[in-house]
Trainee: 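Encoded as structure tokens, here's the structure I'll be asking about.
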Amino acid sequence: MADSNVTSENQLDPSELGTKSYWDSAYNVESRNFQTNPDDEGVIWFEESDAENQILAYLQDELEIPTDASFLDVGTGNGHLLFFLREEGDYEGGRMLGVDYSEAGIELAKQIATQHGLEDGEVQFAVVDVIRDDVTQWAGEEGFDVVLDKGTYDAISLSGELLEDGRRLVEGYAEKVASAVKKGGWFVITSCNWTEEELVARLNGTGGLKYYGRIKYPSFQFGGKKGQTISTICFKRD
């Protein structure tokens with residue numbers, strides 16, 4: 001099923017950042033750096049906006065997510081967001097799964113998990129193409145309490161790849177991700193390419209996702225308009 005709110009007229013131009021080869025190369029570099037210096041775990045996306053702390057506070061204070069909730073991180077890369085939630089938020093009671101289509105990213109995440117002293121299965125990582133692979137094969141039939149996306153939708157929006165029916169890859173995203181969210185669960189997405197209004201317009205109503213709220217980041221003013229460097233939006237699945 002198509003994402004009804006995403007059309008060819010409101011797409012970003014394709015970029016190298018939307019290619020698998022770019023991310024494989026980036027994670028290979030991060031992996032080599034980690035091998036040399038185990039304290040260097042790679043890039044923390046949106047660190048300059050304190051995104052991970054803001055997301056954790058929102059999960060705990062606004063959504064009141066219990067510590068035994070299950071988490072899925074879409075486009076996990078080096079896995080930092082899951083490690084952060086587990087170690088800083090005490091989310092240790094439920095399943096944690098990070099998926100990425102980059103084998104190099106997943107291998108790096110597994111190496112970092114070992115460095116953190118995590119036993120096999122405490123935080124799981126798997127190579128998955130979230131749009132092309134069967135959701136039930138990697139998310140299960142029930143889905144997750146919380147599904148997270150920190151920059152992945154941005155990257156997919158920059159892909160020039162096409163689905164079998166000729167649509168841009170990003171046009172198949174929301175329906176697939178929504179089906180990985182447990183009914184009554186939450187989808188929290190953070191983006192630097194799309195505004196709050198654009199994210200709501202593109203994702204709201206797809207696959208049972210309903211807009212719930214947002215994280216407020218410090219704003220700036222330019223040309224008479226106010227804005228944020230990133231946006232984090234929360235949806236609840238019916």
Trainee: For residues Gly18 and Ser159, report the shortest heavy-atom separation together with the two atoms involved.
Mentor: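 The answer is O-CB, 3.3 Å.
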Trainee: Report the distance from atom CD1 of Ile233 to atom OG1 of Thr195, rounding to the nearest 0.5 Å.
Mentor: 8.5 Å
Trainee: What residues, two or more places apart in sequence or in another chain, satisfy ring pair (Phe, Tyr, Trp, His ring centres under 6.0 Å) together with Tyr212?
Mentor: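 Applying ring pair (Phe, Tyr, Trp, His ring centres under 6.0 Å) to Tyr212 gives Trp186.
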Trainee: So do Arg86 and Glu122 actually touch side chain to side chain, heavy atoms under 4.5 Å?
Mentor: yes
Trainee: Quick one: CG on Asn10 to CZ on Arg202, what's the gap to the nearest 0.5 Å?
Mentor: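 Between atom CG of Asn10 and atom CZ of Arg202 there are 5.0 Å.
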Trainee: Are a donor atom and an acceptor atom from the side chains of Glu47 and His80 found within less than 3.5 Å of each other?
Mentor: no
Trainee: What residues, two or more places apart in sequence or in another chain, satisfy side chain to side chain donor-acceptor pair (under 3.5 Å) together with Thr136?
Mentor: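 Scan of Thr136 (side chain to side chain donor-acceptor pair (under 3.5 Å), adjacent residues dropped) gives Asp134.
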Trainee: Would the distance check show the side chain of Asp100 and the main-chain N or O of Gly77 forming a donor-acceptor pair, the cut-off being under 3.5 Å?
Mentor: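 Checked: pair present.
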Trainee: Which heavy atom of Leu63 sits nearest a heavy atom of Cys234, and at what distance?
Mentor: CD1-SG, 3.9 Å
Trainee: Distance alone, cut at 3.5 Å: any donor-acceptor contact between the side chains of Thr229 and Tyr217?
Mentor: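 Result is no, nothing qualifies.
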Trainee: Locate the shortest heavy-atom distance separating Ser31 from Leu108; write the atom from each residue and the value.
Mentor: CA-CD1, 3.8 Å
Trainee: Heavy atoms, side chains only, cut-off 4.5 Å: are Arg214 and Leu199 in contact?
Mentor: no
Trainee: Counting only heavy atoms not in Glu142 (residues, nucleotides, ligands), do more than 12 fall under 6.0 Å from its CD?
Mentor: no
Trainee: Name the residue from Leu72, Val147, Val146 that meets the side chain to side chain contact (heavy atoms under 4.5 Å, CB included) definition with Phe187.
Mentor: Val147
Trainee: State, with a plain yes or no, whether a side-chain heavy atom of Ile131 is found less than 4.5 Å away from one of Leu163.
Mentor: yes
Trainee: Quick one: does any side-chain atom of Asn28 pair with a main-chain N or O of Glu30 as donor and acceptor, under 3.5 Å?
Mentor: no
Trainee: Of all residues at least two apart in sequence or in a different chain, which pass the ring pair (Phe, Tyr, Trp, His ring centres under 6.0 Å) check with Tyr91?
Mentor: Phe71
Trainee: With a 4.5 Å heavy-atom cut-off, do Asn78 and Phe83 have their side chains touching?
Mentor: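 With C-beta onward as the side chain, the pair stays apart.
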Trainee: Any donor and acceptor pair, going by atom type alone, linking the side chain of Asp154 with main-chain N or O of Cys192 inside 3.5 Å?
Mentor: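 A pair under 3.5 Å: yes.
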Trainee: Indicate yes or no: does Arg132 engage Glu161 in a salt bridge with an N to O separation below 4.0 Å.
Mentor: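 Salt bridge: yes.
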Trainee: Which atoms form the tightest heavy-atom contact between Ile215 and Ile55, and what is the distance?
Mentor: CD1-CA, 3.8 Å
Trainee: To the nearest 0.5 Å, what is the distance between OG1 (Thr206) and CD (Glu171)?
Mentor: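 If we round to the nearest 0.5 Å, Thr206:OG1 and Glu171:CD are 11.5 Å apart.
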Trainee: If every non-hydrogen atom of Leu59 is compared with every non-hydrogen atom of Val188, which pair is closest and at what distance?
Mentor: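 For Leu59 and Val188, the tightest heavy-atom pair comes out as CD2-CG2, 4.4 Å.
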Trainee: Please indicate whether Glu48 has more than 12 foreign heavy atoms, meaning atoms of other residues, nucleotides or ligands, lying under 6.0 Å from its CD.
Mentor: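 Yes, the 6.0 Å shell around CD holds more than 12 heavy atoms from other groups.
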Trainee: How close do Pro38 and Gln115 get, heavy atom to heavy atom, and via which atoms?
Mentor: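 Closest heavy-atom pair between Pro38 and Gln115: CB-NE2, 3.7 Å.
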Trainee: List for me each residue that meets ring pair (Phe, Tyr, Trp, His ring centres under 6.0 Å) alongside Phe235, sequence neighbours excluded, and say none if there are none.
Mentor: none
Trainee: Are side-chain heavy atoms of Thr76 and Ile106 found at a separation under 4.5 Å?
Mentor: yes
Trainee: So, the side chain of Ser15 versus the backbone of Leu17: is there a donor-acceptor pair under 3.5 Å, distance only?
Mentor: yes
Trainee: Do Asp133 side-chain atoms and Asp129 backbone N/O form a donor-acceptor pair below 3.5 Å?
Mentor: yes
Trainee: For Ile44 and Phe84: C-alpha separation, side-chain torsions, deciding distance, then whether side chain to side chain contact (heavy atoms under 4.5 Å, CB included) applies.
Mentor: CA-CA 11 Å; Ile44 303 172; Phe84 179 82; over 6 Å; no
Trainee: Rounded to the nearest 0.5 Å, what separates atom CG in Leu169 from atom CG in Leu158?
Mentor: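 The CG atom of Leu158 is 11.5 Å from CG of Leu169, to the nearest 0.5 Å.
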Trainee: How long is the gap from OH on Tyr173 to CG on Asp149, to the nearest 0.5 Å?
Mentor: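 Going from OH on Tyr173 over to CG on Asp149, the span is 3.5 Å.
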Trainee: Taking the inter-plane angle between the rings of Trp23 and Trp45 on a 0 to 90° scale, is it parallel (under 30°), tilted (30 to 60°) or perpendicular (over 60°)?
Mentor: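 Trp23 vs Trp45 ring planes: perpendicular.
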Trainee: Out of curiosity, Ser179 OG to Arg237 CZ, how far, rounded to the nearest 0.5 Å?
Mentor: 7.0 Å
Trainee: Of all residues at least two apart in sequence or in a different chain, which pass the salt bridge (charged side-chain N to carboxylate O under 4.0 Å, His left out) check with Lys20?
Mentor: Asp24, Glu103
Trainee: Evaluate the side-chain proximity of Tyr153 to Val74: yes if any heavy-atom separation is below 4.5 Å, no if none is.
Mentor: no
Trainee: Would you say Leu12 and Val170 make side-chain contact, with heavy atoms under 4.5 Å?
Mentor: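 In short, these two side chains do not touch, never coming nearer than 4.5 Å.
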Trainee: Test of understanding: with salt bridge (charged side-chain N to carboxylate O under 4.0 Å, His left out), list the residues that count as partners of Glu16, not counting sequence neighbours.
Mentor: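 With sequence neighbours excluded, Glu16 shows a salt bridge (charged side-chain N to carboxylate O under 4.0 Å, His left out) to no residue whatsoever.
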Trainee: Keeping Asp145 on the side-chain end and Gly185 on the backbone end, is there a donor-acceptor pair under 3.5 Å?
Mentor: no
Trainee: When you measure from the side chain of Thr36 to the backbone of Arg32, do you find a donor-acceptor pair of N or O atoms at a distance under 3.5 Å?
Mentor: yes
Trainee: Answer yes or no: is there a side-chain heavy-atom contact under 4.5 Å between Thr232 and Gln54?
Mentor: no
